[in-house]
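Below, chain A is the first sequence line, B the second, and so on; all start at residue 1.
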2 protein chains.
Amino acid sequence: MPSDAQISRLKPGRRTDIRRENERAILEAAEKVFAEAGFGGATMQLIADMAGLPKANLHYYFATKEDLYRRVVQQIFEIWLDAASSFDDAPGPIEGIGAYIDAKMDISRTHPHGSKVWASEVMHGAPVIQDYLETTLRDWTNGRIAVIQRWIDEGKMKPINPRHLLYLLWATTQHYADFGHQIQTLNGGKALSDRQWAEAKASVKDMVLRGIGAIS
Amino acid sequence: MPSDAQISRLKPGRRTDIRRENERAILEAAEKVFAEAGFGGATMQLIADMAGLPKANLHYYFATKEDLYRRVVQQIFEIWLDAASSFDDAPGPIEGIGAYIDAKMDISRTHPHGSKVWASEVMHGAPVIQDYLETTLRDWTNGRIAVIQRWIDEGKMKPINPRHLLYLLWATTQHYADFGHQIQTLNGGKALSDRQWAEAKASVKDMVLRGIGAIS
DNA sequence: CCACAACCTGACCAATCGGTCAACATAAAT
DNA sequence: ATTTATGTTGACCGATTGGTCAGGTTGTGG
């Protein structure tokens with residue numbers, strides 16, 4: 001059940017700002033509601049309440065529930081793609097994969113809702129972002145596999161399967177967002193502290209980098 | 001959208017068999033529908049159709065949608081707990097964690113729907129299995145952490161953080177079920193073959209066991 | 001100041017869904 | 001054979017939901 005904390009929403013006078021500000025508030029509320037209730041369980045009324053707008057006003061900015069949902073999914077996808085820059089200009093796996101883990105873990109902490117919406121979307125067969133998987137994500141994946149393979153050829157890491165390394169990285173980093181509730185419960189009901197997050201990041205980096213033979 | 005392939009359902013004459021067989025067909029259909037549509041998106045009508053029963057008959061065996069859902073979630077949880085036996089009587093991490101990865105990966109292949117339902121349940125804040133997390137799962141987790149710590153103390157693996165190792169194991173193994181659609185898309189739209197599954201299991205075990213210093 | 005476009009919203013509607021129920025069918029017990 | 005408990009089902013209902021719309025308000029360019 002989504003908490004009923006309302007998303008802050010300013011009321012600027014200028015026309016362009018009104019549109020930008022309302023769309024931002026709606027998207028922020030929608031991300032949270034879709035994450036906590038799923039697409040089918042989410043209601044436009046609840047999103048409207050959390051954004052501090054009447055429901056009819058939502059449909060003025062986003063024609064349908066699907067439109068709104070699609071925007072939320074695209075948002076987290078773009079954030080993840082940006083985080084991939086850490087990968088490119090790195091001299092080796094310690095820097096590249098280490099920075100990628102840092103970036104993905106940071107996103108799991110700052111954007112847990114978006115991560116859950118993405119997970120839910122994929123679990124349901126990616127009905128709205130299938131084309132992204134087949135184009136952008138596939139290209140991105142093949143590019144990183146090539147980079148990892150180069151590091152292997154250069155003897156900077158063991159000859160592991162680059163594809164399954166990527167899956168392990170995605171799975172582990174996103175787990176801290178998608179299964180955050182389970183982790184919190186196993187942490188005595190308390191959210192991970194700054195120190196515990198740092199410990200998590202260090203642990204993941206340590207195990208992964210040793211697992212691929214980049215460190216001993 | 002769930003595929004409309006109907007669950008096979010026999011029609012035995014004996015009373016006890018009728019109950020058992022119908023409940024089995026309903027649970028099998030429900031697991032698939034809940035996984036593919038989420039709790040909110042699933043409809044009793046669709047589950048009934050897939051089980052080959054009229055909707056009213058569902059409510060004869062399961063009073064409410066929540067009752068049916070709860071049974072599905074408990075089912076996968078028990079399957080996972082059984083898989084943990086691999087952990088206990090192992091002399092060290094190579095055998096124990098290796099066998100655990102094998103078992104969890106096998107479950108991801110044979111019970112992908114159940115895994116997704118569990119993931120969805122946890123992502124939504126575990127509204128129906130919160131008590132399981134706080135009791136059974138917590139006890140189980142603490143028990144395995146103790147086993148791993150013992151292996152560390154005995155010098156059989158590096159002093160990594162046992163809790164985050166468990167999270168990495170859960171995340172990675174379940175990823176092959178929960179994100180199976182994404183993996184399939186990145187595999188040219190084809191489900192992983194037997195050979196590819198074996199490669200996945202070997203890759204995960206290789207990276208993890210080296211990551212914890214159990215192998216070099 | 002005026003006119004137009006953008007923005008806002010309460011009331012409403014058709015469709016869908018979880019769940020109920022009364023009537024009926026069948027298998028097992030007596 | 002008769003009774004009884006269990007299983008089956010179409011029809012139905014109240015509640016909820018996504019989406020619409022007519023009429024109003026507000027900002028902005030001329």
Side-chain angles (χ1 to χ4, degrees), chain A residues 1-2 4 6-7 9-27 29-30 33-34 36-73 117 124 127-128, chain B residues 1-2 4 6-7 9-27 29-30 33-34 36-73 117 124 127-128:
Chain A
M1 214 65 62
D4 52 357
Q6 212 183 77
I7 300 298
R9 188 171 62 89
L10 302 173
K11 276 237 173 186
R14 296 208 310 285
R15 233 57 213 255
T16 48
D17 290 353
I18 289 178
R19 181 155 214 109
R20 179 170 45 239
E21 171 60 18
N22 280 346
E23 286 186 350
R24 188 202 60 76
I26 293 171
L27 284 170
V33 173
F34 281 133
E36 294 178 352
F39 178 82
T43 69
M44 297 295 273
Q45 185 64 62
L46 186 57
I47 295 171
D49 291 346
M50 196 163 299
L53 294 169
K55 189 185 68 159
N57 211 352
L58 248 69
H59 285 96
Y60 175 75
Y61 288 103
F62 299 92
T64 69
K65 192 182 179 183
E66 280 84 2
D67 284 343
L68 180 53
Y69 175 76
R70 184 177 290 108
R71 284 282 300 270
V72 171
V73 176
V117 176
H124 296 3
V128 317
Chain B
M1 211 67 61
D4 51 357
Q6 212 182 76
I7 301 296
R9 189 172 62 90
L10 302 172
K11 275 239 174 184
R14 295 207 311 284
R15 266 299 143 63
T16 49
D17 290 353
I18 288 178
R19 181 157 213 107
R20 178 170 45 239
E21 171 60 17
N22 281 346
E23 286 186 350
R24 187 202 61 76
I26 293 171
L27 284 170
V33 173
F34 281 134
E36 294 179 351
F39 178 81
T43 69
M44 297 296 274
Q45 185 64 63
L46 186 56
I47 295 172
D49 291 347
M50 198 164 299
L53 293 169
K55 189 185 69 158
N57 212 352
L58 248 68
H59 284 96
Y60 175 74
Y61 288 102
F62 299 90
T64 69
K65 192 182 178 185
E66 280 83 0
D67 284 343
L68 180 52
Y69 175 76
R70 183 176 291 106
R71 284 282 300 271
V72 171
V73 175
V117 176
H124 296 3
V128 316

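- Heavy atoms of A:Ala48 sit nowhere under 4.0 angstrom from any nucleic acid atom.
- As a whole-Å value, the separation of A:Phe39 CZ from D:dT17 C1' is 12 Å.
- In this structure, the separation between CD on B:Glu23 and CD1 on B:Ile26 is 7.0 Å, given to the nearest 0.5 Å.
- A straight line from CG of B:Asn22 to C1' of D:dT9 spans 13 Å, rounded to a whole angstrom.
- Considering B:Val72, B:Leu68, B:Leu46, B:Val117 in turn, B:Leu46 is the only one that fulfils the side chain to side chain contact (heavy atoms under 4.5 Å, CB included) rule with B:Val33.
- Between A:Ala51 and A:Ala25, the closest heavy-atom pair is CB-O, 3.9 Å.
- Residue B:Met44 has its side chain nearest to C:dG18 when only D:dG7, C:dG18, D:dG18 are considered.
- One interatomic measurement links the two molecules: CG of B:Asn57 to C1' of C:dC24, which rounds to 13 Å at whole-angstrom precision.
- Checking the phosphate oxygens (OP1, OP2) of C:dC7, a side-chain nitrogen or oxygen of A:Tyr60 falls inside 4.0 Å.
- The NZ atom of B:Lys65 sits 15 Å away from the P atom of D:dT16 (whole-angstrom rounding).
- Considering all non-hydrogen atoms of both residues, B:Glu66 and B:Phe39 come closest at OE2-CZ, 3.8 Å.
- The interatomic distance linking A:Glu66 (CD) with D:dT17 (P) rounds to 16 Å, in whole Å.
- Contacts of B:Phe62 with the nucleic acid, taken as non-hydrogen atoms under 4.0 Å apart, are absent.
- Taking atom CG of residue B:Leu58 and atom P of nucleotide D:dG10, one finds them 13 Å apart after rounding to whole Å.
- Note: B:Met44 CE to B:Asp49 CG = 12.0 Å, rounded to the nearest 0.5 Å.
- If you find the closest nucleotide of DNA chain D to A:Ala56 and to A:Gly41, the one lying nearer the 5' end belongs to A:Gly41.
- Taking atom CZ of B:Arg20 as the reference point, atom P of D:dT6 lies 16 Å away to the nearest angstrom.
- Taking atom CD on A:Glu23 and atom P on C:dC8, their separation rounds to 11 Å, with Å as the unit.
- Listed nucleotides: D:dT17, D:dG7, C:dA6. Nearest to the side chain of B:Ile18: D:dG7.
- Closest to the side chain of A:Thr43, out of D:dT17, C:dG18, D:dG19, is D:dT17.
- For D:dG19, its base sits under 3.5 Å from the side chain of A:Lys55 at one donor and acceptor pair at least.
- Between A:Arg19 and C:dA6 there is no side-chain polar atom (N or O) within less than 4.0 angstrom of OP1 or OP2.
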